[in-house]
Amino acid sequence: MIDITLPDGSVRQYEQGVTSFEVAQSISEGLARNVLAAKVNDTVWDLSRPINENARVQLLTWNDDLGKNAFWHSSAHLLAEALEELYPGVKFGIGPPVENGFYYDVDLGERTFSQEDFAKVEQKMLELARNKNEFKRREVSKAEAIEYFTQKGDEYKLDLIKDLADGTISFYEQGKFVDLCRGPHIPNTSHIKAAKIMNVAGAYWRGDEKNKQLTRIYGVTFPKQKELTEHLQRLEEAKKRDHRKLGKELELFAFSEKVGMGLPLWLPKGTLLRERLEQFMRKAQMRAGYQPVVTPHIGSKELYVTSGHYEKYGADSFQPIKTPNEGEEFFLKPMNCPHHCEIYKTRPRSYKELPVRLAEFGTVYRYEQSGELHGLTRVRGFTQDDAHIFCRPDQVKEEFIKVIDLVLYVFQALGFEDYTAQISLRDPENKKKYIGGDEAWEKAETAIIEAAEEKGLRTVTELGEAAFYGPKLDFMVKDALGRKWQLGTIQVDYQLPERFQLEYIGADNQRHRPVMIHRAPFGSLERFVAVLIEHCGGNFPLWLSPDQFAILPISEKYQDFAQEVYERLQQHDIRGFVDNRDEKIGRKIRDAEVQKVPYMLIVGEKEQENGAVSVRKHGEGDLGAMSVEEYISFFQGKVAEVLNK
RNA sequence: GCCGACGUAGCUCAGGGGUAGAGUGCUUCCUUGGUAAGGAAGAGGUCGUGGGUUCAAUUCCCAUCGUUGGCUCCA
């Protein structure tokens, strides 16, 4: 007999060789029906795999992420089986589960695969699923695996097998389809009750652009039809929040072919929003001891040769601007740090004045690949809420923590709760990609890790994601469609001070090298606004909203009074407009609601008599009448509630 | 940059080898209306751009620009 420990700590005894499925059966019939896979000690196993010694077992269902993973992984195999039936001779790359479903990379040869084919594949998948085929695991030798796929003529699988050690290779078979796979899988295909092909895209074999491009087919499946319907509804909802759509509808920003791709034009309303964000950040930074600076949009080639950016990005960035007579070369600035280094160097610095914190809303230009551009989240010209902190080595950690505090303050004020902090370290396999010595890198990486730990951040660590001059702590949030974006970033840098020969005079009257911290809590204003739009679905916090009120006169008889109210609100820096169109009040309300104006102030005969406004809140409805004075303090109270938290 | 899809009125989109259509917005007129669309008339498009096929192209083909879903990249 062996002991099986369940997640609640209870221990049950079973015959040696018991399967997780039998464990589930012994607990309850319902569980046996719903269980998909099991976590045995620390690895996820098929339910049918015998357990031969004492173990911790966690039974996984659709409600566990790992259960979903197994479900979608098995669905990828089902997709492959369907494709093989429909398109004989198709070759397969890899087919893993992803966050919202799964994909399979396939080589369809000369065949094309498009929207029209989706339904056919979905039907075939469901037809095969109904066969209740078991996912059968079989361990095979390397020679056997190679023989199978050689015979099948699937060079991609052979490429994968090449890197696997003999004795660790397994096949999974369901119905007529056999795949090289580590597993684990759900017991049989009948759990899959709903299937949808989401889209197709090109993907390079093994992610290398030198390799052949395969067709990546994305799909999603569910154990119930209802869940698929709900999933599709959620996607529809997300589309409504897309910042590109809302940006157009709310007249925040636009693009023009004539201006150039990836170069956003900020419309008046978007500019207001953006300027409010800037103002907010300026204030926060002023309090935190930053000093604003301003630097030009271009810098000489020499500047970037010194910084190392020329060597690293020179050929892959916008090409230099040349002077007609002197033959000098200038680059559009792709970042602000070199300029700020030169500001630091304008005079000798004493250890007593460090840290020096130089802040600038610096607009930078980067040549992003055309296929990368995406709304406001990835553009070629954008403004960073940039700052560089020059400090002594003994101040690094403290400064780093202060920056984390600032970032958290910003996120809190704007209602961002769902973010992760990504610690981006050097790729230990490929140190050539980076500049600087091991010692500096290790010091910087340690400082970041410790600071993040001290602040209790929820972190993930990514090797190879560091900037070429130093490790980073990035704050990542998701957009409406679940795509992850980097917002704030904090980077420790020992290299630029070296390259720019930055110095300060220490207490010992000797020259020392300061450390630099690059940081941008928003990251870029453009991306931040994009994520903010999607985060609040265009219903901005009151203090940020471009139009904070709309005054809606019942008829043109009350236009003068409306104008009077408007001017009084303006005097208090409350911003909005009067809707003087020749329309009925219902229409004006509807339009203001659609435009997501936070407050509608309705003025008619009653209001004019009493010097009042009838207040209607966006999305909520009538709040009743109040005097203009009352409304002003009501409004200011609402703003303060958020900002003075 | 690579692969796929798309590009028709300001916006959202339908159409299709014989030089175009809806809704909405816009203009004018009627209406002066109390909490999510009042009525009528009118103006708006060399169908992204350049080639080719054809008696004829907005429609078919090619190229190009842009948008888009991914891949690769991101100081």
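Protein chains get the first letters and strands the later ones, always in sequence-line order, with residue 1 at the start of each.
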Main-chain N/O of T377(A) paired to W485(A) side chain as donor or acceptor, under 3.5 Å = no
Hey, is the side chain of Q213(A) pairing donor to acceptor with the base of C71(B) inside 3.5 Å?
-> no
Using a heavy-atom cut-off of under 4.0 Å over every strand shown, decide if G586(A) touches base, sugar-phosphate, or nothing.
-> sugar-phosphate
Which whole number of Å gives the distance between the P atom of C61(B) and that of C71(B)?
-> 29 Å
Using Watson-Crick geometry (N1-N3 plus N6-O4 or O6-N4) or G-U wobble (N1-O2, O6-N3), each under 3.5 Å, G50(B) is paired with C62(B)
Any side-chain N or O of K212(A) less than 4.0 Å from the OP1 or OP2 oxygen of C2(B)?
-> no
Looking at every strand, decide which applies to E465(A) at a 4.0 Å heavy-atom threshold: base, sugar-phosphate, or nothing.
-> nothing
Expressed in whole Å, how much space separates the C1' atoms belonging to G10(B) and U31(B)?
-> 27 Å
How would you label the contact of H518(A) with the nucleic acid (heavy atoms, under 4.0 Å): base, sugar-phosphate, or nothing?
-> nothing
With sugar-phosphate meaning primed atoms plus P, OP1 and OP2, does M261(A) contact a base, only sugar-phosphate, or nothing at under 4.0 Å between heavy atoms?
-> sugar-phosphate
Are the aromatic ring centres of Y313(A) and Y304(A) under 6.0 angstrom apart?
-> no
When the C1' atoms of C74(B) and G15(B) are considered, how many whole Å apart are they?
-> 42 Å
Is R216(A) touching bases, backbone alone, or none of the nucleic acid, heavy atoms closer than 4.0 Å?
-> sugar-phosphate
Is there a donor and acceptor pair, one atom on the side chain of R206(A) and one on the base of C71(B), closer than 3.5 Å?
-> no
Just to confirm, is there a sub-4.0 Å distance from OP1 or OP2 of U68(B) to any side-chain nitrogen or oxygen of R244(A)?
-> yes
Compare the minimum distances between each of C74(B), U32(B), A75(B) and the side chain of K557(A), then state the nucleotide with the smallest one.
-> U32(B)
Closest of U35(B), A36(B), A75(B) to the P334(A) side chain is A75(B)
Using the C1' atom in both, what is the distance from G7(B) to C26(B), to the nearest Å?
-> 24 Å
Out of V613(A), I585(A), L552(A), which one pairs with V603(A) under the side-chain contact (heavy atoms from CB on, under 4.5 Å) rule?
-> V613(A)
Of the candidate nucleotides C65(B), U32(B), A75(B), which contains the atom at the shortest distance from the side chain of E257(A)?
-> C65(B)
Regarding G10(B), purine or pyrimidine glycosidic angle vs 90° from 0 gives anti
Which nucleotide, G33(B), A75(B), U68(B), lies nearest any side-chain atom of S317(A)?
-> A75(B)
Say you pick atom C1' in A22(B) and the same atom in A14(B); how far apart are they, in whole Å?
-> 7 Å
Ring centre gap for Y599(A) and F634(A) strictly below 6.0 Å | yes
Base paired to G18(B) (Watson-Crick or G-U; both N/O distances under 3.5 angstrom) = C55(B)
Checking all strands, does D622(A) fall into the base, sugar-phosphate, or nothing category for heavy-atom contacts under 4.0 angstrom?
-> base
Whole-Å C1' distance, A20(B) and U8(B) = 9 Å
Give a yes/no verdict on base stacking between A75(B) and Y313(A): centres under 5.5 Å, planes within less than 30° of parallel.
-> yes
Please work out if S614(A) contacts a base, only the sugar-phosphate, or nothing of the nucleic acid, heavy-atom cut-off 4.0 Å.
-> base
Which part of the nucleic acid, if any, lies within contact of G604(A), taking any heavy atom under 4.0 Å across all strands shown: a base, the sugar-phosphate backbone alone, or nothing?
-> base
With a non-hydrogen cut-off below 4.0 angstrom, is Y469(A) in contact with a base, only sugar-phosphate, or nothing?
-> sugar-phosphate
Looking at H374(A), does any N or O in its side chain come under 4.0 Å of the phosphate oxygens OP1/OP2 on G70(B)?
-> no
Single hit among E498(A), H309(A), Q495(A), Q491(A) for side chain to side chain donor-acceptor pair (under 3.5 Å) with Y469(A) = Q491(A)
Does the gap between the ring centers of Y434(A) and F468(A) come in under 6.0 Å?
-> no
With nearest nucleotides of RNA chain B determined for Y365(A) and G207(A) from heavy-atom distances, which residue corresponds to the more 5′ nucleotide?
-> G207(A)
Could you measure between the two P atoms, the one in C47(B) and the one in A57(B), and give it in whole Å?
-> 12 Å
Return the nucleotide paired to A75(B): Watson-Crick means purine N1 to pyrimidine N3 with N6-O4 or O6-N4, wobble means G-U with N1-O2 and O6-N3, both under 3.5 Å.
-> none
Backbone of I435(A) reached by a side-chain donor or acceptor of W441(A) within 3.5 Å = yes
If each of Q369(A) and S555(A) is mapped to the nucleotide of RNA chain B with the nearest heavy atom, which maps nearer the 5' terminus, i.e. the 5' end?
-> Q369(A)
Minimum-distance nucleotide to D582(A) side chain [options: G1(B), G33(B), G34(B)] | G33(B)
Has the side chain of Y204(A) got a donor or acceptor atom sitting under 3.5 Å from an opposite partner on the base of C3(B)?
-> no
Under 4.0 angstrom between R590(A) side-chain N/O and G38(B) OP1 or OP2 | no
Check every strand shown and say whether Y218(A) touches a base, only sugar-phosphate, or nothing at a heavy-atom separation below 4.0 Å.
-> sugar-phosphate
Across the strands shown, which category fits Q486(A) at heavy-atom distances under 4.0 angstrom: base, sugar-phosphate, nothing?
-> nothing
Hey, does K248(A) reach any base, or is it just sugar-phosphate, or nothing, if we go heavy atoms under 4.0 Å?
-> sugar-phosphate
Nucleotide opposite G42(B) in a Watson-Crick or G-U pair, distances under 3.5 Å | C26(B)
Closest non-hydrogen contact found for H388(A) with H340(A) is ND1-ND1, 2.8 Å
Distance, P atom - from U59(B) to U54(B), rounded to whole angstrom | 16 Å
Donor/acceptor link under 3.5 angstrom from E607(A) side chain onto base of G34(B) | yes
Under a 3.5 Å limit on both distances, the Watson-Crick or wobble mate of U67(B) is A5(B)
Test the K333(A)-Y365(A) pair against the cation-pi criterion, namely NZ or CZ under 6.0 angstrom from the six-membered ring centroid and within 45° of the ring axis.
-> no
Which one, A75(B), G34(B), U68(B), comes nearest to the side chain of E605(A)?
-> G34(B)
So what does I589(A) touch, heavy atoms closer than 4.0 Å: a base, only the sugar-phosphate, or nothing?
-> base
Among A37(B), A36(B), A75(B), find the nucleotide with the atom closest to the side chain of R587(A).
-> A37(B)
